[in-house]
Engineer: 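Please read through the structure below; I'll follow up with questions.
Computed from a predicted structure; not experimentally measured.
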Amino acid sequence: MNELLKKTYEAVICYEKDTIEMSSRVDAEIHTLMKTYIEQSGDKESEQIKTLLYQTALTAEQEGFELGIKYTMKTLLHLLSD
């Protein structure tokens, strides 16, 4: 099931308006975090850190989607069983 949810996220959800808006907020946050770091380090180091932050953010988005689906299904099952 996890693979199906990941494929759904990658093929459909990541293109939805809400997801794009969330990604813009994440981009802004990464930019804010990196501003100070860029001044203190070199370009190569900064790019490596930025890449890690974006990879972490994407993983968190995908995991959050999966967790949201699971809790939605648990809630739906609970409501239908009453």
Engineer: Assigning hydrophobic clusters by single linkage (Ile, Leu, Val, Met, Phe, Trp, Tyr; side-chain heavy-atom cutoff under 4.5 Å), is L5 placed with V12?
Structural biologist: yes

Engineer: Look up atom CD in Q40 and atom OG in S46, then write down how far apart they are to the nearest 0.5 Å.
Structural biologist: 9.5 Å

Engineer: How close do M22 and Y9 get, counting heavy atoms only, and between which atoms?
Structural biologist: CE-OH, 4.3 Å

Engineer: Would you say F65 and M73 are hydrophobically clustered, going by side-chain heavy atoms of ILVMFWY under 4.5 Å?
Structural biologist: yes

Engineer: Quick one: does T19's side chain have a donor or acceptor within less than 3.5 Å of a partner on Y15's backbone?
Structural biologist: no

Engineer: Quick one: do the Y37 and E45 side chains pair a donor with an acceptor below 3.5 Å?
Structural biologist: yes

Engineer: Do the side chains of E61 and S23 get nearer than 4.5 Å, heavy atoms only?
Structural biologist: yes

Engineer: Quick one: are L58 and Q62 in side-chain contact, heavy atoms under 4.5 Å?
Structural biologist: yes

Engineer: Out of curiosity, does I49 fall in the hydrophobic cluster containing Y54 (side-chain heavy atoms, cut-off under 4.5 Å, transitive links)?
Structural biologist: yes

Engineer: Any side-chain heavy atom of H31 within less than 4.5 Å of one from I38?
Structural biologist: no

Engineer: With rounding to the nearest 0.5 angstrom, report the OG1 to CD distance, T8 to E3.
Structural biologist: 10.0 Å

Engineer: Are E66 and I69 close enough that some pair of their side-chain heavy atoms sits under 4.5 Å apart?
Structural biologist: no

Engineer: To the nearest 0.5 Å, tell me how far E63 CD sits from K6 NZ.
Structural biologist: 9.0 Å

Engineer: Please round to the nearest 0.5 Å and tell me the distance separating atom CD1 of I20 and atom CG of D27.
Structural biologist: 11.5 Å

